[in-house]
Structures are given as structure tokens and as C-alpha cells.
Peer 1: 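Encoded as C-alpha cells, here's the structure I'll be asking about.
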Amino acid sequence: MRSIGLLGAISIGIGGMVGGGIFAVLGEAVSLAHGATAVAFAIGGLVALLTAYSYAKLSVTYQSEGGTVTFIDKAFGDNILSGSVNLMLWLSYLVTISLYATAFASYAATFFTHQSSMLNHILITLSIITPAIINLVSASFVGKSETVIVVIKVSLLILVIVAGASYVEPARMSPQHWASSFSIVVAGMIIFVAYEGFELIANSAEDIKEPTKNLPRAFYASVIIVIALYILIAIITVGCVSEDILMKAKDYALAAAAKPSLGEMGFKLVAFAALLSTFSAINATIYGNARLGYIIAKDGKLPHSLMDEDKRSGVPFRGVLYTTLLSLLLANSIDLTEIAIIGSAGFLLIFFLVNISAYRLRNEIKANRFILMLSSLLTFLALGTLLFHTYTSNPHAVIIFGSFIMISVLFELIYGRYVRGQLFYRRYKK
């Protein structure tokens with residue numbers, strides 16, 4: 001029985017996007033775009049909005065909890081591409097967990113007098129292990145309160161915007177303080193991971209009332225609302241605080257942005273909102289990624305060990321365990337900048353493939369081919385721009401991203417050959 005109305009569907013999209021990304025990547029955006037940070041968020045938002053069109057059309061036609069996985073399978077069939085993307089999507093969600101955990105640690109550290117690398121690792125580890133335990137004991141514990149959490153964090157962000165409006169100095173955002181056009185675009189792509197989450201609406205398509213009408217509305221409304229929210233936050237942050245201060249507080253820039261108008265209490269309020277948001281995002285992503293692994297394993301594209309679902313709680317135990325262990329490894333070994341780059345690159349690649357999938361299925365989903373061509377082109381150019389810049393400034397991040405792709409393809413080749421025994425619908429020769 002369909003139980004989610006339009007507002008509930010919009011809440012899923014907003015909750016997915018305003019999870020931990022904005023708290024983690026705001027400082028990164030300022031460091032690259034400077035006075036044009038709001039423009040960078042607008043560029044990233046445009047790419048997200050065009051991709052939301054593809055998701056909206058695909059979701060109405062192919063209503064499935066598989067979401068992204070289902071769309072790519074429908075367009076390309078069961079082959080090396082779809083198999084590799086399945087694993088790449090699973091790995092990308094591991095990166096977002098790592099991003100949220102790193103942001104959690106950065107904001108949590110502001111409550112301590114003495115900060116150290118050891119404290120940072122302890123906080124990262126606790127931020128992942130605690131939600132994992134909650135998932136294993138009661139997966140619905142945070143899930144039931146997700147709407148309340150969305151209201152709290154969005155309300156606090158609106159409070160920062162309203163309170164800081166009169167403190168904005170427009171001169172800080174004048175074109176003379178902007179970075180180069182290329183750097184602004186790069187900033188928009190690095191922070192693109194902050195828009196990741198709207199695609200979760202597709203996973204709930206089977207539960208949404210009047211899907212033909214409400215799915216497109218939910219996708220467009222949630223993305224547009226978040227674009228407006230992010231642009232306003234960027235204006236308040238850059239307009240109220242000097243860049244020197246923001247760079248010193250780069251990992252918790254949003255809390256620093258609340259200080260001029262709301263004082264120390266505002267700083268603590270935003271830090272608390274960040275902890276609440278990132279914690280709930282980690283909890284939801286661990287569960288979602290474990291479920292994704294379960295769905296892919298059920299289709300035979302991942303080992304069946306990911307299918308061990310607890311009959312009483314419905315929790316895929318090993319899926320949660322693998323997700324937790326790998327997230328701990330990533331979060332404690334890669335810095336925030338690299339995590340943001342890898343996460344954004346991963347989702348830009350996946351969204352590019354979703355846009356291409358929509359184009360291939362354009363007749364079935366009754367979509368405008370020019371919009372699909374534009375969304376495919378923009379996501380491809382966005383990914384290329386991000387990787388080109390990163391290769392010149394942080395090649396290590398490109399190597400890690402490339403290794404993720406290589407692992408995904410090699411896994412599909414090996415697993416497909418020796419377990420499923422087929423590739424591109426052709427049986428392997430014995």
C-alpha cells in the first residue's frame with residue numbers, strides 16, 4: 001500500500017541532500033571560489049536539477065526500490081557496465097559515509113579544548129560504529145525520526161540565514177573577489193556531493209502516492225529548495241565572515257558563519273545541527289548501502305553473503321558489517337578534501353550514466369531528448385573538469401578514484417566470469 005505523500009517524498013529528497021554534505025564542503029567551496037561561492041553552488045545545483053529530470057522520468061516508468069541500479073540495468077542490460085556501476089554506486093556511498101564522519105569529527109572537535117589527530121580519529125570511529133550498532137539492533141530507531149531531524153536542521157539553517165542577513169557585506173562578494181571562471185566551476189563540482197541524495201526518492205517510488213504526478217514534483221521541488229538554501233547559506237557565509245577566518249575554520253565553516261550574528265551560542269547551535277545531521281546521514285546511508293548490497297546480491301551481481309537478512313529485524317547483517325569496516329578504513333586514511341573530490345566524482349560518473357540511460361530509454365519514458373542530451377553533456381563536462389583540475393592539484397585523489405573504477409570493473413570481470421559465468425549475455429567458455 002502506498003503510504004508516502006508529496007510532502008513526505010520531498011522530505012526524503014531534502015533529507016538526503018541536506019545530510020552532512022553542506023556542513024563538510026562549504027569551506028572547500030570558499031577556498032576555491034572565494035567571493036563567488038554562491039555561484040559555485042548554483043552551478044552544482046543546475047547539474048543536479050537537470051539530472052533530477054532524468055530520475056523523475058525514469059522513476060515514473062520503472063518504479064522499484066533498486067532506483068539507480070534498476071535504471072542502468074534497464075538501459076544497458078546485465079553486462080560488464082551495469083555490473084561495474086552497481087559496485088561503483090556501493091563504493092560511492094561508502095565515500096559519503098566517510099565524508100559525513102569526517103565532518104562529524106570536525107564539528108565535534110569544536111566542543112573540546114584540546115584537539116589532536118588522535119581525537120579526530122576517535123570521533124570519526126565513534127561516528128561510524130555507533131550508527132552501525134543502532135542499525136544492527138534497531139534499524140528504524142533513527143529512521144522513524146528522520147522527518148523531525150530534517151525539520152530541526154533546516155530550521156537551524158534558516159535561522160542562520162535570517163539572523164545573518166543584516167550582517168552581510170555585499171563588497172565581499174563583488175566580482176573583484178571572485179576566483180577565475182574555471183576555479184568557480186571546479187568549486188561547484190567538488191561540492192556537488194552536497195546535492196547527492198535526491199536520487200533516494202527513486203528508491204521509494206513504490207511507496208509514493210499518485211507516483212505519476214508526485215514523483216516529478218518531489219524531485220524538482222526538493223532540488224530547487226536545496227539550491228535556494230545552499231545559495232543563501234553561501235551568501236551569509238562569505239558576506240558575514242572574512243575569508244581569513246573561514247580558512248582557519250575551513251572544516252567547520254558553517255558554524256563560523258553563525259558567529260557574527262548569533263555569537264558563541266549560534267556557533268554551538270550550528271555545530272550541534274551538524275552533529276545531528278551527519279549522525280543521522282551516516283545511520284541512513286549505512287542502512288541504505290547495506291540494503292543496496294542486498295538488492296544487488298539478490299540479483300546475483302554481488303556475493304550472496306550480502307543476502308543474509310535477519311528474519312525478525314530485516315537487517316542485512318553482513319552488509320552493515322562490510323559497509324562499516326570499509327567506511328572506517330576510508331574515513332581514517334583519506335583527508336576531507338580528497339573524500340569530497342572522490343565522492344563528487346563518483347556521483348557525477350553515476351549520474352552521467354543515469355542521464356545516458358534516460359536518453360537510451362527516452363521513448364519508453366516519454367522524455368525530451370534535448371534535455372537529456374544537455375544533462376548528459378553537462379554531467380560529462382562537469383566530471384572531466386573536476387578530474388582535470390584534481391589531477392593538476394591533487395593527483396592522489398584521482399588515483400584513488402581511478403582505483404575505485406578499476407576495482408569495480410575487475411570485480412565484475414572476475415565475479416562475472418567465475419560465478420555468474422556470463423558477460424554481455426554471452427556464456428564464458430569453459
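Just so it is clear, the values below take in all heavy atoms, side chains as well, and ignore hydrogens, waters and symmetry mates. The first residue of the sequence shown is numbered 1, and numbering continues consecutively from there.
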Peer 1: Can you check whether Lys57 reaches Asn368 side chain to side chain, under 4.5 Å on heavy atoms?
Peer 2: no
Peer 1: Tell me which pairs pass side chain to side chain donor-acceptor pair (under 3.5 Å) where either residue lies in residues 111-123, with sequence neighbours left out.
Peer 2: His121-Asn332
Peer 1: For a 4.5 angstrom cut-off between non-hydrogen side-chain atoms, does Ile201 reach Ser222?
Peer 2: yes
Peer 1: Check for a donor-acceptor pair, side chain of Thr285 on one end and backbone N or O of Ile282 on the other, with a separation under 3.5 Å.
Peer 2: no
Peer 1: Side chains of Phe219 and Ser59: does their closest heavy-atom pair fall under 4.5 Å?
Peer 2: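 Yes. Closest side-chain heavy atoms under 4.5 Å.
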Peer 1: Give the table of side-chain donor-acceptor pairs shorter than 3.5 Å for residues 250-267, with sequence neighbours excluded, one pair per line with atom names and distance.
Peer 2:
| unit_1 | atom_1 | unit_2 | atom_2 | d |
| --- | --- | --- | --- | --- |
| Lys259 | NZ | Glu264 | OE1 | 3.3 |

Peer 1: Does the separation of the ring centres of Phe351 and Tyr55 fall below 6.0 angstrom?
Peer 2: yes
Peer 1: According to the interplanar angle, ranging from 0 to 90°, do the rings of Phe41 and Tyr195 count as parallel (below 30°), tilted (30 to 60°) or perpendicular (above 60°)?
Peer 2: perpendicular
Peer 1: Please determine which of Ile231, Ile236, Thr237, Ile235 meets the side-chain contact (heavy atoms from CB on, under 4.5 Å) test together with Ile233.
Peer 2: Thr237
Peer 1: Is the backbone N or O of Ala132 less than 3.5 Å from a side-chain atom of Thr324, with the two atoms forming a donor-acceptor pair by type?
Peer 2: no
Peer 1: Are the side chains of Val25 and Phe192 in contact, using a 4.5 Å heavy-atom criterion?
Peer 2: no
Peer 1: Work out which heavy atom in Lys213 is nearest to a heavy atom in Pro216; give both atom names and the distance.
Peer 2: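 Taking every non-hydrogen atom into account, O-CD, 3.6 Å.
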Peer 1: What I want to check is whether the side chains of Thr96 and Glu196 have a donor and an acceptor closer together than 3.5 Å.
Peer 2: no
Peer 1: Have Ser54 and Tyr359 got a donor and an acceptor in their side chains that come within less than 3.5 Å?
Peer 2: no
Peer 1: Answer with yes or no whether the side chains of Ser180 and Ser183 bring together a donor and an acceptor at under 3.5 Å.
Peer 2: yes
Peer 1: Look only at the side chain of Tyr107 and the backbone of Phe23, and say whether a donor-acceptor pair between them is shorter than 3.5 Å.
Peer 2: yes
Peer 1: Measure the spacing between CE of Met17 and CD1 of Ile22 and express it to the nearest 0.5 Å.
Peer 2: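 Atom-to-atom, Met17:CE and Ile22:CD1 are 12.0 Å apart.
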Peer 1: Parallel, tilted or perpendicular: which describes the rings of Phe352 and Phe380, with under 30° parallel and over 60° perpendicular?
Peer 2: tilted
